[in-house]
Amino acid sequence: MPIRRLHTETRYSEAVIHNGAVYLSGQLADDLTGDIRQQTRETLASIERLLDEAGTSKARLLSATIHLKDIAGDYAGMNEVWDAWLPSGTAPARTTVQALMYAPDVRVEITIVAAMPDLAGPVL
């Protein structure tokens with residue numbers, strides 16, 4: 001099976017598509033001055049754009065890894081935005097951890113794996 005890469009940089013690709021799945025690199029908000037809700041909304045919008053470009057959607061999520069700068073302070077706000085964004089009945093396997101971020105203003109980073117559309121039929 002071929003490997004398809006989207007938006008490849010020296011060290012990483014924003015998305016890698018292989019064997020029926022798309023793997024997204026960690027996504028961040030564009031504007032890092034906002035609170036956790038704003039950063040989560042922007043991060044999820046970025047994820048949605050990449051999934052669309054890859055040919056799949058948020059309804060086909062397999063797993064999510066969420067890194068929060070301050071899990072005690074930001075978990076509820078991030079979940080509020082996540083829950084509103086996620087289509088009902090499509091919750092992926094998910095891990096949420098507190099992490100030291102690469103820059104002080106980053107509050108959330110999300111990594112996604114999603115299934116590509118299958119010719120056999122719809123998602124159940």
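Treat the numbers as computed from the prediction; the structure is a model and nothing was measured.
- Connectivity analysis of hydrophobic side chains (ILVMFWY, heavy atoms under 4.5 Å, direct or indirect) links Y12 to nothing; its cluster partners are none.
- Of all heavy-atom pairs between I71 and Q98, the closest is N-OE1, 3.0 Å.
- The side-chain heavy atoms of L61 and L86, taken from C-beta on, include a pair separated by under 4.5 Å.
- For the residue pair S13 and T8, the shortest heavy atom distance occurs at OG-OG1, 2.7 Å.
- Residue I36 holds its CD1 atom at 7.5 Å from OG1 of T43, rounded to the nearest 0.5 Å.
- Using modelled atom types, no side-chain atom of E14 and backbone atom of L6 make a donor-acceptor pair closer than 3.5 Å.
- At a cut-off of 3.5 Å, with distance as the only test, a side-chain donor of S25 or Q27 sits close to an acceptor on the other residue.
- For residues 25-41, the set of pairs meeting the salt bridge (Lys or Arg N to Asp or Glu O under 4.0 Å) definition, not counting sequence neighbours, comprises R37-E80.
- Side-chain contact between M101 and L28 is absent, with no heavy-atom pair separated by less than 4.5 Å.
- For residues 90-112, the pairs satisfying salt bridge (Lys or Arg N to Asp or Glu O under 4.0 Å) are D74-R107, with sequence neighbours left out.
- Counting only heavy atoms from C-beta outward, the side chains of P117 and T56 approach each other to under 4.5 Å.
- Note that OG1 of T96 and CG of N79 are 6.5 Å apart. Values are rounded to the nearest 0.5 Å.
- Cluster membership for I66 and V106, using ILVMFWY side-chain heavy atoms within less than 4.5 angstrom, is not shared.
- Taking OG from S88 and CG from D83, the interatomic distance works out to 10.5 Å, rounded to the nearest 0.5 Å.
- With a 4.5 Å cut-off between side-chain heavy atoms of Ile, Leu, Val, Met, Phe, Trp and Tyr, the cluster of V16 takes in I3.
- Contacts classified as ring-ring contact (aromatic ring centres under 6.0 Å, His included) and involving residues 67-89 (residues at least two apart or in different chains) are given here: W82-W85.
- With values rounded to the nearest 0.5 angstrom, L44 atom CG is found 11.5 Å from Q39 atom CD.
- No side-chain heavy atom of L24 sits under 4.5 Å from any side-chain heavy atom of S46.
- Scanning both residues, A114 and L51, for their nearest heavy atoms gives CB-CD2, 3.8 Å.
- R4 contributes atom CZ, which lies 6.0 Å from atom CE of M116 (distance to the nearest 0.5 angstrom).
- Note that CD1 of I112 and CG of L62 are 9.5 Å apart. Values are rounded to the nearest 0.5 Å.
- Note on residues 48-59: pairs passing salt bridge (Lys or Arg N to Asp or Glu O under 4.0 Å), not counting sequence neighbours, are E48-K58.
- Linking ILVMFWY residues whenever their side-chain heavy atoms come closer than 4.5 Å, directly or via other members, leaves L68 and L32 in distinct clusters.
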